[in-house]
Amino acid sequence: MEVRSTLLLAVLTILCKCAAGQSPAEDAARQKCLKSQVAGSAIEKIMKSDTSKQFYEITDESKMYRYQIGLCATVGEGMAAVMQYNISDSKQKYVLGRLNNTHVIQRHDYIELEYFGGQKYRSHCSGAERTARIIFVCDPCGGVGKPVVVEEVTTSAKTTTNAHCFYLFEWPTRHACSPDHGLLVVCTGKGGVGAIVVLVLLGLFVAYILIGIAYKRIFLGAKGCDQFPHIDHWKMFGNLIADGCDCLCRRKRPLKPSYTSVYNNDHLEDI
């Protein structure tokens, strides 16, 4: 009875995956790809933080090609994990790597995901199979990030191996950063250079205040407000600002009485 229940459960699981468009072979290849990674790797973190995306689509405008890249997932038939499409000719498309032929290299400062077993070249690389390499590099301010086409590396027909024939993609993401990386990195967002200058000046001002207070307290024995560095100059600066505000914002002369008030005062005097 237990054997029948187990077999029934296995059959139902396979049917559910087939109904969802995922074959048992594809699921096995996906699980193998996931298990080949180090726990907590960039690929795993990206998949967990962006579960709505099964694949990423990018365009190389200069070469007029469109690419679809899956993270331990297929993007086409035949276990295709990376596809290339010609934008001007929709019939021209190539498989650059397959999910069931995957290799992951874990380094300290980057992670490399390789898909092998793509369609063979026709005129170069001695007809070797196409390969896609995705390099995940650290970008503390990049968030999840997205892949970028770097180049297609090819050699002449005399090459006997495909070691130097591959499509190279780069994926800047904060998930590829080691825990000790970027502790002092400031993500300025859209502020750019101006925001960096403001932060540097603010840091220098805070350092000036702290060092000045420590110096006057320890070496000069200052107490209270006298500990503040160059307190007399700052008081003078404050007085200048107050004088400027007084000159611009405050009214020196009293308001003239309105016609109504003048009329009422004269009327009372006559009575």
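When each of Ile209, Leu204, Leu210 is tested with Val206 by the rule side chain to side chain contact (heavy atoms under 4.5 Å, CB included), just one qualifies, namely Leu210.
Closest non-hydrogen pair, Val95 versus Ala80, comes out as CG1-CB, 3.8 Å. The heavy-atom pair separating Cys33 from Leu99 by the smallest distance is CB-CD1, 4.2 Å. For the pair Val75 and Gly70, the tightest heavy-atom approach, listed with the atom from each and the gap, is CG1-N, 3.7 Å.
Applying the ring pair (Phe, Tyr, Trp, His ring centres under 6.0 Å) test to Phe55 and every residue at least two apart in sequence or in another chain returns nothing. Every residue meeting the ring pair (Phe, Tyr, Trp, His ring centres under 6.0 Å) condition with Phe169, not counting sequence neighbours, appears here in chain and number order: Tyr67. Scored by the side chain to side chain contact (heavy atoms under 4.5 Å, CB included) test, Asp232 finds no partners at all (sequence neighbours excluded). Remark: Tyr85 pairs with no residue by the ring pair (Phe, Tyr, Trp, His ring centres under 6.0 Å) rule, at least two apart or across chains. For the side chain to side chain donor-acceptor pair (under 3.5 Å) test, no residue two or more places apart in sequence or in another chain qualifies with Glu112. Residues meeting the salt bridge (charged side-chain N to carboxylate O under 4.0 Å, His left out) test with Glu114, sequence neighbours left out: Arg133. Not counting sequence neighbours, Thr173 has no partner by the side chain to side chain donor-acceptor pair (under 3.5 Å) test. Residues meeting the side chain to side chain donor-acceptor pair (under 3.5 Å) test with Tyr65, sequence neighbours left out: none. With sequence neighbours left out, the side chain to side chain donor-acceptor pair (under 3.5 Å) criterion links Tyr208 to His230, Trp234. By the ring pair (Phe, Tyr, Trp, His ring centres under 6.0 Å) test, Tyr115 is found to be paired with no residue, residues two or more places apart in sequence or in another chain being considered.
Looking at heavy atoms from C-beta onward, Tyr94 lies in side-chain contact with Arg130 at the 4.5 angstrom threshold. Residues Leu113 and Leu71 meet the side-chain proximity criterion, which asks for heavy atoms closer than 4.5 Å. Using a 4.5 Å heavy-atom threshold, the side chains of Cys165 and Val153 count as separate. Looking at Ile87 and Thr59, their side chains come closer than 4.5 Å, going by heavy atoms from C-beta outward. At a threshold of 4.5 Å between non-hydrogen side-chain atoms, the residues Tyr167 and Val150 do not count as touching.
No side-chain donor-acceptor contact under 3.5 Å links Tyr121 and Gln119.
Residue Ile69 is not grouped with residue Met83 when hydrophobic side chains (ILVMFWY) are merged at heavy-atom distances under 4.5 angstrom, including chains of intermediate members. Residues Ile134 and Ile58 are members of one and the same hydrophobic cluster, defined by side-chain heavy-atom contacts under 4.5 angstrom among Ile, Leu, Val, Met, Phe, Trp and Tyr.
Put simply, SG on Cys245 and CG on Leu240 are 11.0 Å apart, with the number rounded to the nearest 0.5 Å. Distance check: Leu96 CG to Glu129 CD gives 12.0 Å after rounding to the nearest 0.5 Å. Atom CD in Gln68 sits 13.5 Å away from atom OH in Tyr56 (nearest 0.5 Å). If you take CE on Met79 and CG on Asn101, they are separated by 11.0 Å, rounding to the nearest 0.5 Å. Interatomic distance, CZ of Phe136 versus CD1 of Ile111, reported as 7.5 Å (0.5 Å rounding).
Counting non-hydrogen atoms of neighbouring residues, nucleotides and ligands closer than 6.0 angstrom, the NZ atom of Lys93 reaches no more than 12 such neighbours.
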Show every donor-acceptor pair shorter than 3.5 Å between a side-chain atom in residues 139-146 and any protein atom, with sequence neighbours excluded, or say none if there are none.
{"unit_1": "Asp139", "atom_1": "OD1", "unit_2": "Cys141", "atom_2": "N", "d": "3.4"}

Can you list, pair by pair, the side-chain donor-acceptor contacts under 3.5 Å of residues 219-228, counting residues two or more places apart and other chains?
{"unit_1": "Gln227", "atom_1": "OE1", "unit_2": "Arg217", "atom_2": "NH1", "d": "2.8"}
{"unit_1": "Gln227", "atom_1": "NE2", "unit_2": "Gly224", "atom_2": "O", "d": "3.1"}

